[in-house]
2 protein chains.
Amino acid sequence: MASLIEGQARPIRLADIAKAAGVSHGTASNVFSRPEVVRAEVRERVKAVAEAMGYAGPDPKGRLLRAGKVNAIGVGTTEPLSYFFEDPFARVMMAGISEACDATGAGIALVSAANQEKLAWNIQSALVDGFILFCIEGGSRLVELTRERRLPFVALELGFHDETISAIGVNNIAGGRLAARHLAELGHRRFAVLSLTLGEDRTGFVTPEMVRSAVYTGTRDRLAGYFEELSGFGVDTQSIPVFETENEERSTTAGLEAIFAGGERPTAILAMSDRMAMIAIDWLTARGLKVPQDVSIVGFDGVPDGALCDPPLTTIAQPITEIGRRAARMILDYDGAVRRETMGVELVVRASTGPAPRS
Amino acid sequence: MASLIEGQARPIRLADIAKAAGVSHGTASNVFSRPEVVRAEVRERVKAVAEAMGYAGPDPKGRLLRAGKVNAIGVGTTEPLSYFFEDPFARVMMAGISEACDATGAGIALVSAANQEKLAWNIQSALVDGFILFCIEGGSRLVELTRERRLPFVALELGFHDETISAIGVNNIAGGRLAARHLAELGHRRFAVLSLTLGEDRTGFVTPEMVRSAVYTGTRDRLAGYFEELSGFGVDTQSIPVFETENEERSTTAGLEAIFAGGERPTAILAMSDRMAMIAIDWLTARGLKVPQDVSIVGFDGVPDGALCDPPLTTIAQPITEIGRRAARMILDYDGAVRRETMGVELVVRASTGPAPRS
DNA sequence: CATTTTTGTTGGATCGATTCAAATTTGTGC
DNA sequence: GCACAAATTTGAATCGATCCAACAAAAATG
């Protein structure tokens, strides 16, 4: 009678095959996880029973609970999941993370939190041993949520002023200086800056007070680097227009329009991302301005696309892949310490910069 | 005395705070997962205790075991993990998968199996509700392994002849025909084919017998499409060189060298992937052959890069994103049925094809 | 043949939560 | 103040494995 009822196959458990094979569940477990300790004869019998009953092998869910380690690292962002596959910067970073994970056999779990309610849940319920956080905007909330999981995590790329969390970033001041010096040495004296976000979600021209109260010290530092260097060349940095964008097309275009609406047009643009720099190239070209003959542009990041656009982009290259590798290793080899690493950057000169036009 | 020993903080469990707050496990659990059923006063007390003890919230590992559902889908491949972020085809596919996952709040777990031993383990221990398999080469082993997990899974893009597994693919015969017809109508009569793998890991020229015994029916069908259509134009398909590659630079280049070593050079190349097509463009250009004046090339896939290369690539476009979306939904809405879907393809004419050179 | 080793097997404890039927408390109407 | 309904709380059972101390059997040693 029982057999008649057992129609709806509920998944076979290890205990089921142990019973069917007439061994203890301890032995049954060993057959799969440490086959060498069980006598060949028994091993074969248990395996045969498992096969016959259609056992799928030890369920990772059960193992996980016991083992405690998931063997996967979570990568979180407030962007939609497709960000990881579409954004050039993210892709190079992910390649670095992948490399480190491949080397140790760890998996990668992508965690997105495009909408606020699900963000919390997704972070809270992700099955991972630690997190790498892409702190674009809304980063602070992401960090807060992740901190509550009490798992190891590393913040990338924002330069939070919170010294209590592990982070890997680049020397933004040095990067800013390199970019500015390169342009200044080419004779440029009239500049404009396309800036990443400084704090709250806003776009538009930036005032010195806003810079001082910036949440994102990464942005602030790049700006500081630009200004420090340019001051050395006698440029009045107070008069340089700085337009804060959301690092996407719409707000960047708005920034360019605002910048070029004025009378004194810049001969050089300092962009805090390659993304904005490439949008700027397109925008200028579409308006008949030649890059670099009329306007020079320096980006920031060093994404591969920059080498392919027309003209190829001069930029401040971050060691993106290496940052990814290190971030992953930081999680994989977590030892309880808070680590903050700052990587160097380098100027990559391509064709988007040239001598200042003599007016 | 005990308190002296308890130095090494082992993570706080729900049971710990239940005891500390003087409530049962059940109530403590409800405080977190169904707060509305517990009296406000108790709820606050428990929460306060949790806060004070530094409780990280219900551990997903425990919840998972009970709930049974991971709420994540695994994407598996035999390539290294970085494949997902670097390969153009994979990226577009992943974007589609991401979209479907974002919509339902599911996560994505990337599972690689670059090396054989770890392959098995990674597939066996991945914490997912189902798999989407990128069946490039070595696909059959991947499928075998996954089948053993007895989880829902979908195979992408290979056109396995095994009808018992769910799969989404495109109409390869129709695609082949479209490509061939386009070239034939431009007057081409001398062709060469850069083929994807037909079966075991090998590269080189392909014989008709090998085609008949092909494991990968997707490859076979594209070839069939090419040949059927060309026959209609009176081309002797027997004499068309077909070179099987591994869809990467080295073997594709080898194929081109072999093809162009002969006396009767083709005026048109049918490539079974955009990847190979673009490699071919570069190879030909580097050798002073003009595309499409000297040689026309049609790709297959329709990856975005094809539109950007020089010259832009004529290709057979698959609805890659849509395939990804459907695959993800197939796992997410799994109902126990085996589904096999075939999507349509379309010819996208760009500048890599032109009239056959006369001579 | 008795004793020690080696090799295999057992079954209870554990990992960290959720669920649900039953027990208890609180609230309502009369 | 009582009966009955509604709202809370309890505690045992469960999810599916692994670990390990204890035990049993077989093999090696004296």
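Chain letters run A, B, ... following the sequence lines, proteins first and then strands; every chain starts at 1.
- Looking at the side chain of His25(A), the nearest of the listed nucleotides dT18(D), dA17(D), dG16(C) is dT18(D).
- Between the side chain of Asn30(B) and the backbone N or O of Pro35(B), no donor-acceptor pair lies under 3.5 Å.
- A donor-acceptor pair under 3.5 Å is formed between the side chain of Asn122(B) and the backbone N or O of Ser112(B).
- For dT9(C), the OP1/OP2 oxygens have no side-chain nitrogen or oxygen of Ser24(A) closer than 4.0 Å.
- For dT9(D), the OP1/OP2 oxygens have a side-chain nitrogen or oxygen of Arg39(B) closer than 4.0 Å.
- Between Arg66(A) and the phosphate of dT14(C), there is no side-chain N or O to OP1/OP2 separation shorter than 4.0 Å.
- Contact annotation: Thr27(B) reaches the phosphate of dT10(D) (side-chain N/O to OP1 or OP2, under 4.0 Å).
- The side chain of Leu65(A) sits closest to dG16(D) out of dA13(C), dG16(D), dA17(C).
- By the 30° and 60° cut-offs, the orientation of the rings of Phe134(B) relative to Tyr83(B) is perpendicular.
- Residue-level contact check: Tyr55(A) touches the backbone only, with heavy atoms under 4.0 Å from sugar-phosphate atoms and none from bases.
- Annotation: of the two residues near DNA chain D, Ser33(A) and Glu36(B), the 5′-most nearest-nucleotide partner is Glu36(B).
- Taking the ring centroids of Phe32(B) and Tyr55(B), they lie under the 6.0 Å cut-off.
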